[in-house]
Structures are given as structure tokens and as C-alpha cells.
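What you are looking at is a predicted structure, and each value in this text was computed from that prediction instead of being measured. Just so you know, residue 1 is the first one in the sequence shown, and it goes up from there.
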Amino acid sequence: MTEVAGQNLERHLAGNPYPGRGIVIGRNEREEWIQVYWIMGRSPNSRNRIFVAEGDVLRTEAANGSQLADPSLVIYNAMRQSGIRFIVSNGTQTDTIFDGFQSGGFFVDSLLAARHEPDAPNFTPRISACLAMPDDGARMWLSVISASRFDSGHSEHRFFRYTDVPPGYGFCVTTYQADGDPLPPFQGPPLLMPLAGSSDEIGDTYWKALDEDNRISLAVKRIDPDGSSSDIAVTNRYAGN
């Protein structure tokens with residue numbers, strides 16, 4: 001598994017100029033749960049962003065508010081917590097999932113009405129993940145909602161559930177498979193990735209793996225093995241004002 005995880009990190013991230021936004025969810029060797037989320041950007045509007053962490057919430061903000069052209073797909077809550085459920089996503093579905101949990105719903109049900117982003121011609125997938133920690137054991141969910149291969153007016157919903165995650169590993173989804181015009185959407189199941197070391201070391205590993213010209217912000221949420229507490233560390237390319 002170590003070799004496969006390392007190869008995926010090198011091929012899909014370090015050797016890929018534009019995997020887009022990405023999520024890795026799993027646990028490190030200390031058996032702390034880890035959620036990694038990053039954003040990348042090519043356009044001025046996408047690049048004009050920072051991460052801000054307040055308590056258990058991570059959100060995007062404009063680095064320079066006077067230069068923000070369209071907030072609809074770039075400003076959102078990226079991480080939230082509902083009880084023992086830890087949510088991360090690349091858009092407004094973070095709040096959709098949170099509201100669903102608060103109403104007694106489930107991860108999958110909350111996303112069934114969600115659609116891919118309306119940003120033709122890319123039709124960016126909506127990617128989401130959740131760690132739930134009930135008494136009978138932790139569960140991880142990942143979701144990719146992408147444009148239908150037959151009709152971009154419809155979405156395909158893919159869900160992945162994991163109940164056995166060895167320490168030191170996580171699963172990754174990104175918005176894109178590679179750079180391109182239009183950008184090709186992520187394909188296949190989530191990729192096995194390494195989660196080695198402390199949360200700071202993990203953040204450093206993934207920040208260095210992302211393309212230096214296109215990386216914008218990265219956050220790592222560290223969650224105690226029993227879910228009793230968590231913290232978020234942020235790396236921003238730009239300073240906010």
C-alpha cells in the first residue's frame with residue numbers, strides 16, 4: 001500500500017500541474033483523523049482567495065475584496081462540524097450537508113439534489129467528504145458529483161464509503177484529472193494517498209506536491225481519535241486585507 005500511495009501522490013499531484021481543488025481524508029500513524037483540503041486557481045478570480053479558520057469552520061475569503069468579480073463559486077464554507085460528523089467540500093454543499101445532519105438526515109440524502117457546478121465548458125465536479133464517529137466505529141464517505149457523460153444538463157452522483165482505514169493512509173478526490181481546456185473531470189474511485197507524520201508535516205507534504213504556480217491555499221484539520229476535539233492549520237499563498 002505504501003508504494004501505491006506514494007505513486008498516486010507523485011503522479012496525480014506532484015506530476016500534475018492542475019488537479020484543481022482536492023480532498024484527502026483518512027488518519028495518520030498516531031491514529032488522529034485527518035482532513036486535507038486545498039484550492040488552486042488559474043483565473044484572477046480563482047486566485048484572489050485565502051482560507052480563514054474560525055473554530056471548527058474553514059471558509060474561503062477574497063484576498064482582495066475590491067477585486068472579487070463573482071463570489072458564487074469561489075466563496076463558501078469548506079469545513080464544518082455537526083456533532084460527531086466532520087464535513088469538507090469544495091462548495092456550498094458543505095452547508096447543505098451540515099443542514100441535513102442538523103435535521104437528522106444523512107450524507108448521501110443531502111447530496112442527491114446537488115448538481116455539478118454550472119461553469120461551462122468545464123462543468124467542475126462538486127467533491128465532498130465526511131467523517132462520522134458513532135459508537136460502533138468510524139465511517140468515511142466521499143462523493144463526486146460530475147456532469148453526465150451524455151448530457152451536461154444532468155449530473156452523475158458517485159458515493160464511496162470506507163469503514164477500515166489503516167493508520168498512515170487516506171483517500172483522495174480532486175475536481176480535475178489533469179490540466180486542459182476544457183478541464184477534464186476527475187475519473188475513477190478515490191485514490192489512496194499517504195498521511196504520514198503530524199498535521200503540520202502532512203500539510204507541508206501536500207503543499208509542496210501542488211504546482212507552485214497554481215496552488216492558492218491548503219488546510220489540514222486534525223481530529224482526535226475519539227473525535228473529542230479538532231484544530232485547523234492553514235497555508236495561504238496570499239495575505240488577506
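Among residues at least two apart or in separate chains, side chain to side chain donor-acceptor pair (under 3.5 Å) pairs with a member in residues 13-27 are R21-E117. Under the ring-ring contact (aromatic ring centres under 6.0 Å, His included) criterion, the residue pairs touching residues 48-78 are Y37-F51, with sequence neighbours excluded. Among residues at least two apart or in separate chains, there is no ring-ring contact (aromatic ring centres under 6.0 Å, His included) pair with a member in residues 208-237.
Taking both residues in full, the closest heavy atoms of L210 and P19 are given as CD2-CG, 4.5 Å, listed atom of the first, atom of the second, then distance. Of all heavy-atom pairs spanning S217 and N236, the tightest one is OG-OD1, 2.6 Å. A233 and D200 get closest at one heavy-atom pair: CB-OD1, 4.2 Å. Across all their heavy atoms, C172 and V24 have their closest contact at CB-CG2, 3.8 Å. For A219 against I232, the heavy-atom pair with the smallest separation is CB-CG2, 4.2 Å. Summarising the geometry of I50 relative to A239, their closest heavy-atom pair is CG2-C, 4.3 Å, with the distance given to 0.1 Å.
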- Where do E54 and R59 land on the side-chain contact (heavy atoms from CB on, under 4.5 Å) test, with the steps shown first? CA-CA 8 Å; E54 292 184 345; R59 68 177 185 272; 3.1 Å; yes
- Any chance you could lay out the side-chain contact (heavy atoms from CB on, under 4.5 Å) test for V165 and M140, step after step, and finish with the verdict? CA-CA 9 Å; V165 183; M140 291 189 341; 3.6 Å; yes
- Message: Does L9 form a side-chain contact (heavy atoms from CB on, under 4.5 Å) with Y206? I'd like the steps, not just the answer.
- Response: CA-CA 8 Å; L9 179 68; Y206 281 88; 3.6 Å; yes
- Item | Check against salt bridge (charged side-chain N to carboxylate O under 4.0 Å, His left out), R80 and D95 | CA-CA 8 Å; R80 296 189 72 179; D95 294 336; 2.9 Å; yes
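For Q81, the side chain to side chain contact (heavy atoms under 4.5 Å, CB included) test picks out D56, F86, S230, with sequence neighbours left out. Partners of R126 by side chain to side chain donor-acceptor pair (under 3.5 Å), not counting sequence neighbours, listed by chain and number: Q93. Residues passing the ring-ring contact (aromatic ring centres under 6.0 Å, His included) test with F160, sequence neighbours excluded: none. With sequence neighbours left out, D181 forms a side chain to side chain contact (heavy atoms under 4.5 Å, CB included) with no residue at all. The side chain to side chain donor-acceptor pair (under 3.5 Å) check on R42 picks up D179, with sequence neighbours excluded. Residues satisfying the side chain to side chain contact (heavy atoms under 4.5 Å, CB included) criterion with F106, sequence neighbours excluded, are D109. Remark: E31 engages no residue in a side chain to side chain donor-acceptor pair (under 3.5 Å) (not counting sequence neighbours). Under the side chain to side chain donor-acceptor pair (under 3.5 Å) criterion, R47 pairs with N214, not counting sequence neighbours.
With hydrogens and angles left out, the side-chain atoms of N77 and T94 include no donor and acceptor closer than 3.5 Å. Donor-acceptor pairing under 3.5 Å is recorded for the side chains of D226 and S228. Side-chain contact annotation: N45 with S43, donor-acceptor N/O pair under 3.5 Å absent. When only modelled atom types and interatomic distance are considered, H116 and S155 share a side-chain donor-acceptor pair under 3.5 Å. A donor-acceptor contact closer than 3.5 angstrom is absent between the side chains of S128 and S143. With no hydrogens or angles considered, a side-chain donor-acceptor pair links S66 and N64 at under 3.5 Å.
Considering T163, D164, L131 in turn, T163 is the only one that fulfils the side chain to side chain contact (heavy atoms under 4.5 Å, CB included) rule with R139. Among the candidates N90, T175, D119, the single residue satisfying the side-chain hydrogen bond (donor to acceptor under 3.5 Å, both in side chains) test with T124 is D119. Screening R158, H157, Q187, R115 for a side chain to side chain contact (heavy atoms under 4.5 Å, CB included) involving S146 leaves a single residue, R158.
Using a 4.5 Å cut-off between side-chain heavy atoms of Ile, Leu, Val, Met, Phe, Trp and Tyr, with links allowed through other members, W141 and W33 fall into different hydrophobic clusters. Hydrophobic clustering keeps L111 apart from F186 (ILVMFWY residues linked when any side-chain heavy atoms are closer than 4.5 Å, directly or through intermediates). Using a 4.5 Å cut-off between side-chain heavy atoms of Ile, Leu, Val, Met, Phe, Trp and Tyr, with links allowed through other members, F123 and I127 fall into different hydrophobic clusters. Residues V57 and I39 fall into different hydrophobic clusters, defined by Ile, Leu, Val, Met, Phe, Trp and Tyr side chains chained together at heavy-atom separations under 4.5 Å. Connection of V74 to L58 is not established within any shared hydrophobic cluster, with ILVMFWY side chains joined at heavy-atom distances below 4.5 Å, either directly or through further cluster members.
How far CG of N48 is from OG1 of T60: 10.5 Å, rounded to the nearest 0.5 Å. Here the CG atom belonging to L142 is positioned 12.5 Å from the CZ atom belonging to R161, to the nearest 0.5 angstrom. Expressed to the nearest 0.5 Å, how far CE of M193 lies from CG of N8 amounts to 5.0 Å. Of the inter-residue distances, the one linking Q35 atom CD with I202 atom CD1 reads 12.0 Å to the nearest 0.5 angstrom.
Between H12 and Y176, the distance from one ring center to the other does not fall under 6.0 angstrom.
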Using a 3.5 Å cut-off and no angle test, enumerate the donor-acceptor pairs between side-chain atoms of residues 96-105 and protein atoms at least two apart in sequence or in another chain.
| unit_1 | atom_1 | unit_2 | atom_2 | d |
| --- | --- | --- | --- | --- |
| Q102 | OE1 | S82 | OG | 2.7 |
| S103 | OG | D99 | O | 3.1 |

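For the pair I145 and E156, the minimum side-chain heavy-atom distance is 4.5 Å or more. Taking the side chain as every heavy atom from C-beta outward, V36 and W207 never approach each other to under 4.5 Å. Annotation: side chain of P166 is in contact with side chain of M1 (closest heavy-atom distance under 4.5 Å). Within the 4.5 Å cutoff, the side chain of D224 has heavy atoms near those of the R222 side chain. Annotation: side chain of Y162 is in contact with side chain of P190 (closest heavy-atom distance under 4.5 Å). The closest side-chain heavy-atom distance from I25 to I34 is not below 4.5 Å. Inter-residue side-chain proximity for F171 and L191 is flagged as unmet; no heavy-atom pair is nearer than 4.5 Å. V4 is not listed as a side-chain neighbour of T2, based on a closest heavy-atom distance of 4.5 Å or more.
The residues K208 and D204 are annotated as salt-bridged, a charged nitrogen and a carboxylate oxygen being separated by less than 4.0 angstrom. The pair R215-D213 does not count as a salt bridge, with every side-chain nitrogen at least 4.0 angstrom from each carboxylate oxygen.
Remark: the backbone N or O of A196 is not paired with any side-chain donor or acceptor of N28 at under 3.5 angstrom.
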